[in-house]
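Here's the structure we're looking at; comments come further down.
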Amino acid sequence: MIAALHHVQLAVPTGSEPALRAFYGGVLGMAEVPKPPELAARGGCWFRSGGCELHLGVEADFRPARKAHPALVVPDLDALAARLAEAGVEPLWDGAFPGYRRFHAHDPVGNRLEFLQPAP
């Protein structure tokens, strides 16, 4: 039986780590997690916030995930939307998920992300 989700991995292109660190670490405020040395040699980076961990792994023939995506629950959706907009990332609001307010956005390499907050 599955007990928990440990992480979600998203593919990223070679050399994108500085932009990813600025976005995931800076804009989203996630903490970077050191990769084990044998995995660090492959490139990419890992981030954690709360119980959520995202692994960004280099893929030679990279194509951004346009449909598949992690859905991340946040305590203040409006504040995050404003923070993303200030960073030049457009929040794409969508009211089609009952019980939640949500929007989608894209990371610097084009991967889709979903951000949710339980509706009042």
Side-chain angles (χ1 to χ4, degrees):
M1 178 186 284
I2 297 170
L5 177 66
H6 183 273
H7 69 272
V8 171
Q9 178 153 322
L10 296 173
V12 299
T14 302
S16 61
E17 292 89 350
L20 297 168
R21 286 184 174 105
F23 180 76
Y24 287 94
V27 177
L28 296 184
M30 298 182 80
E32 186 166 357
V33 177
K35 292 178 69 172
E38 63 274 11
L39 297 178
R42 300 177 188 175
C45 39
W46 295 356
F47 294 91
R48 180 183 301 139
S49 183
C52 175
E53 195 162 309
L54 295 176
H55 293 184
L56 308 174
V58 170
E59 186 170 54
D61 188 24
F62 169 74
R63 288 181 301 168
R66 297 287 188 192
K67 182 74 172 175
H69 60 276
L72 308 168
V73 177
V74 299
D76 189 339
L77 197 62
D78 294 310
L80 178 59
R83 188 173 176 136
L84 286 167
E86 288 172 15
V89 178
E90 180 184 5
L92 305 167
W93 291 91
D94 176 356
F97 195 143
Y100 289 87
R101 296 178 61 235
R102 75 175 180 168
F103 65 79
H104 292 90
H106 293 91
D107 73 7
V109 299
N111 287 315
R112 183 181 189 199
L113 304 171
E114 180 177 341
F115 300 96
L116 304 107
Q117 180 180 13

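In what follows, every heavy atom counts, from backbone to side chain, and hydrogens, waters and symmetry copies are set aside. Since we're looking at a predicted model, the values are computed, not measured.
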With hydrophobic residues grouped by side-chain heavy-atom distances under 4.5 Å, do [X] and [Y] end up in a single group?
{"X": "V8", "Y": "M30", "answer": "yes"}
{"X": "L77", "Y": "L116", "answer": "no"}
{"X": "V74", "Y": "Y100", "answer": "no"}
{"X": "L113", "Y": "W93", "answer": "yes"}
{"X": "W46", "Y": "Y24", "answer": "no"}

I'd like to know if the side chain of [X] reaches the main chain of [Y], judged simply by a donor and an acceptor atom lying under 3.5 Å from each other, with no hydrogens or angles considered.
{"X": "R42", "Y": "V58", "answer": "no"}
{"X": "N111", "Y": "P64", "answer": "no"}
{"X": "K35", "Y": "A41", "answer": "no"}

Exercise. Provide the closest heavy-atom pair for A65 versus A68 in the form atom of the first, atom of the second, distance.
Key: CB-O, 3.4 Å

Practice problem: Specify whether F115 and F103 have parallel, tilted or perpendicular ring planes, treating 30° as the upper limit for parallel and 60° as the lower limit for perpendicular. | Solution: tilted

Look up atom [atom1] in [X] and atom [atom2] in [Y], then write down how far apart they are to the nearest 0.5 Å.
{"X": "H55", "Y": "R48", "atom1": "NE2", "atom2": "CZ", "result": "7.5 Å"}
{"X": "E32", "Y": "L54", "atom1": "CD", "atom2": "CG", "result": "12.0 Å"}
{"X": "L84", "Y": "E90", "atom1": "CG", "atom2": "CD", "result": "11.0 Å"}
{"X": "L56", "Y": "F23", "atom1": "CG", "atom2": "CZ", "result": "10.0 Å"}
{"X": "L10", "Y": "F47", "atom1": "CG", "atom2": "CZ", "result": "11.5 Å"}
{"X": "Q9", "Y": "E59", "atom1": "CD", "atom2": "CD", "result": "9.0 Å"}

Practice problem: From the options R102, K67, R101, select the one residue that forms a salt bridge (Lys or Arg N to Asp or Glu O under 4.0 Å) with E114. | Solution: R102

